[in-house]
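Let me begin by presenting the structure, written as structure tokens, before commenting on it.
Numbers here are sequence positions counted from 1.
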Amino acid sequence: MSRSTSDSAGSAPRRVRVRAPELVGEGGWLNTGGQGYTLADLRGRIVVLDFWTFCCINCLHVLDELRELEEKHSDTVVVIGVHSPKFVHEAEHAAVVDAVERYGVAHPVLDDPELATWKQYAVRAWPTLVVIDPEGYVVAQHAGEGHVHAIERLVTELEAEHAAKGTLRRGDGPYVPPEPEPTTLRFPGKALLLPSGNLLVSDTTRHRLVELAADGETVVRHIGSGTRGFADGTADTATFNEPQGLALLDDGAVVVADTVNHALRRLDPGTGEVTTLAGTGRQWWQGSPTAGPARETDLSSPWDVAVWHGLVWIAMAGVHQLWAYDPGDRTVAAVAGTTNEGLVDGPGAEAWFAQPSGLAVSLDGEHLWLADSETSALRRVDLDGTVHTAVGTGLFDFGHRDGPAGQALLQHPLGVTALPDGSVAVSDTYNHALRRYDPATGEVTTLATDLREPSDAVLVGDDIVVVESARHRLTRLRLPEEAVRVTAVAHRTRRAATEVAPGKLVLDVIFQAPAGQKLDTRYGPSSRLLVSSTPPELLLAGEGAATDLTRTLELNPAVPRGVLHISAMAASCDDTPDTEYPACHVHQQDWGVPIRVTEGATNRLPLILAGMDEGG
């Protein structure tokens, strides 16, 4: 770890620096016109490495945070995405190519399927940002989202410091945009059957909605200008930002989950007029209100919507919760989930989710089904608000396995569809399959394979129309009387386990307020640490919540491996004594750390939270 210091007033910061490891990835480079790069090629530029994986909502948030930094400092800063997969599907090069286009990544990306560069930089969490100065030294490392304001301040310092030294090189970066493809849809997200019999599709990457005729191919009209933005208006002038979920309101209008705008929009199908129902355009952060007037309350990456008992339920992927919008009094409120990422059942206020991304109401109205993507789980909410898991075991187990629900596996599903017989179809996205769970038998079967990243499905008569997102189309299938059985495949996350010694383990979450800020202790402790484990028997002592960021855990010698779930939060405010109400910031990061108990290994687990400068 390093600290920024100054020799004297007015002098450039002096940092303890570590030479940055080379960039290596077997998948090669994207967005460079086929050119590969070394750190020597980038010497003279400020390099920001973004370690990301495309399943991770926090990583998608960081992509959006980086856009302004890239534009403002385009002649001095080079952002390089280092794609570091969690799921097996994410290690496929073609899937990374798709993801780079799908999410509008406008900088070079190194495809690192074997996590070689991830390991060289000792990264432990998605996302992680690493800043390399113009001379090739690591000067900062930040885990989690919300740190671009601190990085922008550091970039400004580095520009001045290295301009004075003559080591700053300005100019165009190495980004080469890919050629656009002339398809009708581009990475569509969700679909909705309209009363007219037409299909409405969220054309996500093109930032618009497309109405198709009943054949699922003929374009009736476009809603939205097709440019990234947040503006109400007519079908031609309104703008969206990567819209996803769609649902019919009781008055015949359509509610749209406008994901990257952190908003709910309303489409009048008759006039094509688009208005805003909920959200401010700002992302919800810890400490923000969790209930209030809909247009005054921040949301966080709403991914899908469903109308259930008079409320619009929202899969709030960005904060691992379910929220609800009340059309009557025009309010929103969190209704289930703690914001901790994981798989915990029980009363809604105590349940844990992990990027809920698909919603469907059972045909009898008794249950709300949801695809909990990061836990590769199918879950449901009952009328009393209790959360249950039908399929799935946690953040790190996934695969394609049919059979009893307790043994079946999914891989990052994004959609659910209620079927007429009471069963549920699951758009099993990273398995490229449509799966079926039957509550009556508790069995999971496979309805169809050889789909390409299916993200949703909708019933149309006796058929089911699947959104094949990575094939940029809708695919119509006949619901089979019997499901197809597939050979079982099971996986765990590709991340290597951290070896720790048996017995006591010191967990040390290291936090130092960014430059120009100080810990906010005006109302008591400024930090919080929550620890749990999978399996629960892994920890004999140390689980639960407390304010100290250092804690001694006691590992169970009878459990040789497992996962530590760690959530840390700290608050800091601008250090401006002459300002009565300084701006404050909440820094939060969740880690899932696979561990293996090994004699002679380390008895300390250090994790970096937010704002401090850190050498590699």
Side-chain angles (χ1 to χ4, degrees), residues 53 55-57 86-90 303-304 315-317 320-322 336-338 340-346 348 350-360 362 367-382 386-418 423-439 441-447 453-457 483 486 488-495 532-536 538 562-563 565 590 592 594:
T53 187
C55 72
C56 164
I57 192 66
K86 171 186 174 181
F87 290 97
V88 169
H89 170 60
E90 292 175 307
W303 206 275
D304 203 5
M316 202 72 79
H320 318 298
Q321 288 183 307
L322 300 180
T338 64
N340 293 309
E341 185 179 16
L343 192 150
V344 176
D345 290 340
E350 301 173 10
W352 291 23
F353 300 99
Q355 284 180 225
S357 301
L359 298 174
S362 64
H367 311 293
L368 180 70
W369 292 99
L370 66 103
D372 205 29
S373 62
E374 278 295 284
T375 54
S376 298
L378 171 66
R379 306 177 75 182
R380 79 169 196 267
V381 182
D382 293 344
T386 305
V387 179
H388 305 270
T389 298
V391 183
T393 60
L395 285 165
F396 296 94
D397 293 298
F398 55 89
H400 192 156
R401 185 162 64 199
D402 288 337
Q407 301 173 18
L409 293 172
L410 309 170
Q411 187 179 179
H412 198 79
L414 291 178
V416 284
T417 309
S423 63
V424 184
V426 180
S427 296
D428 193 6
T429 309
Y430 287 3
N431 279 327
H432 311 300
L434 192 66
R435 312 286 293 283
R436 175 177 176 264
Y437 167 68
D438 187 349
T441 64
E443 289 282 317
V444 175
T445 51
T446 298
L447 294 174
E453 291 193 19
S455 55
D456 196 22
V486 300
V489 179
H491 301 287
R492 285 188 67 82
T493 179
R494 299 172 64 86
R495 285 178 58 188
S532 63
S533 66
T534 302
L538 175 64
V563 179
H565 304 286
D590 296 333

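- No side-chain heavy atom of Phe398 sits under 4.5 Å from any side-chain heavy atom of Asn431.
- Side-chain contact check for Leu368 versus Leu359: some heavy-atom pair is nearer than 4.5 Å.
- Listed for the Asp397 side chain is no donor-acceptor partner under 3.5 Å among the backbone atoms of Gly392.
- Listed for the Thr417 side chain is a donor-acceptor partner under 3.5 Å among the backbone atoms of Ala457.
- With Glu90 contributing its side chain and Thr53 its backbone, the two residues share no donor-acceptor pair below 3.5 Å.
- For Glu341, there are no side-chain hydrogen bond (donor to acceptor under 3.5 Å, both in side chains) partners, not counting sequence neighbours.
- Taking each heavy atom of Phe353 and Gln321 in turn, the nearest pair found is CD1-CA, 4.3 Å.
- Between Asp345 and Arg379, some side-chain heavy-atom pair lies under the 4.5 Å cut-off.
- No option in Leu378, Val424, Val391, Val444 other than Val444 meets the side-chain contact (heavy atoms from CB on, under 4.5 Å) test with Arg435.
- Here the side chains of Ile57 and His320 are in contact, with some heavy-atom distance below 4.5 Å.
- In this structure, the side chain of Arg401 engages the main chain of Gln407 through a donor-acceptor pair within 3.5 Å.
- Heavy-atom minimum distance, Leu410 versus Ala377: CD1-C, 4.2 Å.
- Ala317 and Pro356 make their closest contact through CB-O, 3.5 Å (heavy atoms, listed as atom of the first residue, atom of the second, distance).
- For His412, the ring pair (Phe, Tyr, Trp, His ring centres under 6.0 Å) criterion is met by Phe87, Tyr430, not counting sequence neighbours.
- Checking His388 against Asp382 by side-chain atom types alone, a donor-acceptor pair falls below 3.5 Å.
- Shown here for Ser373 and Pro413, the closest heavy-atom pair between the two residues is CB-O, 3.2 Å.
- Across all non-hydrogen atoms, the minimal contact from Pro454 to Ser427 is O-CB, 3.6 Å.
- In this structure, Ser357 OG and Asp372 CG are separated by 7.5 Å, a value rounded to the nearest 0.5 Å.
- No donor-acceptor distance shorter than 3.5 angstrom exists from the side chain of Gln355 to the backbone of Trp303, with no hydrogens or angles considered.
- Atom CG of Leu414 sits about 9.5 Å away from atom CG of Asp304, to the nearest 0.5 Å.
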(request) Could you give me the CA-CA distance, side-chain angles and deciding distance for Leu395 and Glu374, then say whether side chain to side chain contact (heavy atoms under 4.5 Å, CB included) is met? (result) CA-CA 6 Å; Leu395 285 165; Glu374 278 295 284; 4.1 Å; yes
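- Across all non-hydrogen atoms, the minimal contact from Leu322 to Val381 is CD1-CG2, 3.7 Å.
- For His367, there are no ring pair (Phe, Tyr, Trp, His ring centres under 6.0 Å) partners at least two apart in sequence or on another chain.
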